[in-house]
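Report on one structure; see the data block that follows.
Every heavy atom of this structure was used, including side-chain atoms; hydrogens, water molecules and symmetry mates were not. Predicted, not measured: the structure shown is a model, and the values here were computed from it.
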Amino acid sequence: MAGTTPQPTSRTRSWWGWGYADAHPDDAECTAIGALLPGTLSRPLPVPRVSDLGIGSPAAAPPRSLAHLVTADPADRASHAMGKAYRDVVRALRGRPGRIPDLVARPTDDRGVADLLDWAGEHQVAVVPYGGGSSVSGGVEYRGDAHRAVMSLDLTAMGRVLEVDTEGRAARIQAGTLGPSLEDQLRPHGLTLRHFPQSFEFSTLGGWLATRAGGHYATGRTHIDDFVQSLRVVTPAGTSSSWRLPASGAGPSPDRLFLGSEGALGVITEAWVRLQERPRHKASAAVAFTDFRNALRAVRALAQSDLSPANCRLLDSGEAALSGAAHDGSSVLVLGFESADEPVTARLERAVALARSHGGRYGGGEGDGTGAPEEAPGEDAAVSAWRSAFLRMPYLRDGLARMGAVAETFETAATWDRIPGLIDDVRKEVGEAAVKATGHPATVNCRLTHVYPDGAAPYFTVLAAGRPGDEVAVWDELKAVAGEVLHRHRATITHHHAVGRDHRPGYDRQRPEPFALALRAAKGALDPRGILNPGVLVD
């Protein structure tokens with residue numbers, strides 16, 4: 001059964017910053033939040049205008065047969081020039097967005113994708129596959145000058161759920177389908193993909209697949225990889241379409257070659273993905289800890305239990321204060337459970353009891369305050385505060401960027417034996433580097449976003465003064481220090497935000513050389529003219 005054609009939203013996306021243009025902090029709010037950090041500007045940088053970029057004529061033009069799929073509109077080109085990382089936002093604010101694509105193409109089917117790739121290969125045009133543009137690792141921009149022109153290949157015109165198999169609980173979905181549209185088209189069937197990254201509203205299925213994105217849920221199926229039955233990928237060498245199977249042991253998986261390939265090997269155009277029934281039972285609670293090490297032990301015990309919480313997010317004291325979950329110096333563990341077929345209160349109570357056995361304090365949900373968690377709609381006040389801050393934070397980051405501050409995040413994953421030392425060293429060494437770079441102390445907070453029986457994914461927030469006009473260089477200095485700490489602890493350069501161009505140095509050091517040889521060979525075979533997302537994963 002095919003899905004209906006999705007209806008576009010009437011709100012305008014910001015071309016230079018996160019999310020919707022009308023949700024950004026105004027000048028007064030920017031000034032107020034900037035005052036919380038030392039060394040910021042006295043007034044916010046102006047909101048950038050496309051007209052100030054001086055965008056020239058494109059260096060290439062498509063043939064008449066493809067012209068209906070392509071635009072050279074300056075505003076469209078500017079909005080496809082970069083992703084939404086801090087360094088991207090600052091470059092836009094400072095009028096230095098880098099190489100702006102000459103063309104933006106919006107194919108509507110596989111044939112259009114293949115024809116565009118054929119033309120681009122013949123005319124030395126680099127092709128940067130583009131979903132929702134929410135990349136925070138430099139994955140959707142072109143750097144360098146080795147190609148005659150650059151084309152951003154926007155897949156969002158391919159945004160439909162094509163088939164739903166209710167018996168097998170799976171769906172065939174086009175890669176350009178944005179998160180909200182995907183769920184809207186599945187909702188009449190009572191099913192959900194249940195993959196909700198923070199960028200959910202502004203990212204696509206194809207983007208999740210190409211970056212091996214992580215979702216909101218802390219245990220179980222945390223990455224999009226876990227939902228894939230099969231992929232269809234258009235490459236310059238031909239189209240790869242794997243069989244739809246529940247499982248297979250037939251050699252190396254063809255899907256694994258393209259998952260995480262970030263458009264460097266081919267353009268993912270559709271996928272069969274596993275679905276679930278929509279949850280009807282939910283319950284949440286927040287547990288406070290005076291000692292962060294005890295909180296880590298509690299989270300490890302939960303991850304190694306059979307409770308499988310949907311949310312098991314540990315906020316250190318700084319992160320808890322920033323989100324409004326606690327203001328007394330406590331660390332806060334945000335717990336959540338959900339189910340499609342049975343109440344989950346008993347599981348939450350068991351999780352709270354386990355956390356309390358490791359020194360956690362729990363004062364009850366929003367209901368009776370007696371220590372007995374309740375099912376939704378009664379939600380713990382601390383959980384509600386965290387949820388609101390979680391959704392608002394990217395907009396506040398952009399407001400801080402307008403004040404000349406450094407406000408960015410990075411994430412990783414490591415085994416439990418390395419987690420405490422890793423967190424301590426990141427806080428210490430990145431903090432010291434910030435003082436050296438800016439002359440002002442920085443805030444380095446940590447939260448665990450995903451937890452596994454054998455390890456966890458720490459997610460760090462860095463808030464620091466910038467150097468006026470040189471904010472990107474400051475962040476690059478801090479990120480380099482962080483990368484060295486991660487490498488020393490054998491922690492991954494990224495748990496769920498992809499490699500892009502920003503993480504290439506760490507990725508090159510992390511991957512085994514024989515695998516790098518194989519990856520280069522795959523790139524040469526599938527993209528012999530080197531047009532697909534040059535500079536990503538391999539050279």
Side-chain angles (χ1 to χ4, degrees), residues 1-6 110 131-132 155 158-197 199-201 203-233 240-250 253-256 258-260 268-283 306-312 336-344 347 375-376 450 452 496:
M1 183 184 298
T4 58
T5 302
D110 284 17
L155 274 294
M158 300 172 66
R160 297 179 59 214
V161 174
L162 300 173
E163 295 181 60
V164 177
D165 174 6
T166 55
E167 288 186 1
R169 293 202 307 193
R172 181 165 68 97
I173 305 175
Q174 290 182 307
T177 310
L178 288 158
S181 176
L182 185 154
E183 289 295 331
D184 286 346
Q185 293 179 72
L186 294 177
R187 188 169 288 106
H189 305 279
L191 297 171
T192 175
L193 179 59
R194 196 182 177 267
H195 183 78
F196 300 107
S199 62
F200 171 76
E201 196 172 6
S203 54
T204 62
L205 174 63
W208 303 340
L209 296 165
T211 61
R212 296 184 66 194
H216 168 75
Y217 294 100
T219 66
R221 291 176 175 175
T222 60
H223 279 71
I224 193 66
D225 313 30
D226 303 319
F227 299 93
V228 174
Q229 279 189 333
S230 69
L231 295 180
R232 185 170 175 84
V233 186
S240 170
S241 185
S242 61
W243 289 10
R244 180 192 169 200
L245 296 167
S248 174
S253 166
D255 296 333
R256 287 282 174 179
F258 295 107
L259 286 168
I268 299 171
T269 59
E270 65 179 59
W272 272 98
V273 292
R274 300 178 177 92
L275 307 177
Q276 301 172 61
E277 292 184 38
R278 304 187 73 82
R280 291 183 289 272
H281 304 274
K282 297 182 180 181
D306 63 352
L307 293 172
S308 299
N311 198 2
C312 186
F337 288 83
E338 63 179 42
S339 173
D341 56 11
E342 64 179 6
V344 293
R347 286 163 58 199
E375 292 233 326
H450 301 75
Y452 307 96
H496 59 264

Side chains of [X] and [Y]: does their closest heavy-atom pair fall under 4.5 Å?
X: I224; Y: V273; value: no
X: E338; Y: R194; value: yes
X: T177; Y: Q185; value: yes
X: D165; Y: R172; value: no

Taking every non-hydrogen atom, the tightest pair across [X] and [Y]:
X: F337; Y: L307; result: CE2-O, 3.3 Å
X: S339; Y: V344; result: CB-CG1, 3.5 Å
X: L275; Y: A171; result: CD1-CB, 3.7 Å
X: R280; Y: D341; result: NH2-CA, 4.1 Å
X: A271; Y: L205; result: CB-CD2, 4.5 Å

As an exercise, state the distance from [atom1] of [X] to [atom2] of [Y], rounded to the nearest 0.5 Å.
X: S181; Y: I173; atom1: OG; atom2: CD1; result: 9.5 Å
X: L186; Y: Q276; atom1: CG; atom2: CD; result: 11.5 Å
X: S248; Y: Q229; atom1: OG; atom2: CD; result: 12.5 Å

Problem set entry | Derivation and outcome, side chain to side chain contact (heavy atoms under 4.5 Å, CB included), residues L209 and D255 | CA-CA 10 Å; L209 296 165; D255 296 333; over 6 Å; no
Problem set entry | Charged N-O contact under 4.0 Å between D225 and R256 | yes
Exercise. Are any of the side-chain nitrogens in E163 or R244 under 4.0 Å away from the carboxylate oxygens of its partner?
Worked result: no
Exercise. So E183 and F200, side chain to side chain contact (heavy atoms under 4.5 Å, CB included) or not? Walk me through it.
Worked result: CA-CA 10 Å; E183 289 295 331; F200 171 76; 3.7 Å; yes
Exercise. Using the ring of each side chain (for Trp, its six-membered ring), is F227 parallel, tilted or perpendicular to H195, with breaks at 30° and 60°?
Worked result: perpendicular
For this session: Give the ring-plane orientation class for H450 versus H496, where under 30° counts as parallel, over 60° as perpendicular and anything between as tilted.
Result: tilted
Problem set entry | Donor-acceptor contact below 3.5 Å, side chain R232 vs main chain S242 | no
Exercise. Any sub-3.5 Å donor-acceptor pair from R274's side-chain atoms to A170's backbone N or O?
Worked result: no
Seminar exercise, completed: Sorted by chain and residue number, the ring-ring contact (aromatic ring centres under 6.0 Å, His included) partners of Y217 (sequence neighbours excluded) come out as none
Problem set entry | Residues L193, W208; criterion side chain to side chain contact (heavy atoms under 4.5 Å, CB included); working and verdict | CA-CA 12 Å; L193 179 59; W208 303 340; 3.7 Å; yes
For this session: Name all residues meeting the side chain to side chain contact (heavy atoms under 4.5 Å, CB included) criterion together with A175; count only those two or more places apart in sequence or in a different chain, and write none if there are none.
Result: I268
For this session: List in chain and number order the residues that pass side chain to side chain contact (heavy atoms under 4.5 Å, CB included) with T219, two or more places apart in sequence or in another chain; answer none if no residue qualifies.
Result: S308, P309, V451
Problem set entry | Name of the residue among L182, L162, D110, V161 meeting side-chain contact (heavy atoms from CB on, under 4.5 Å) with Q174 | L162
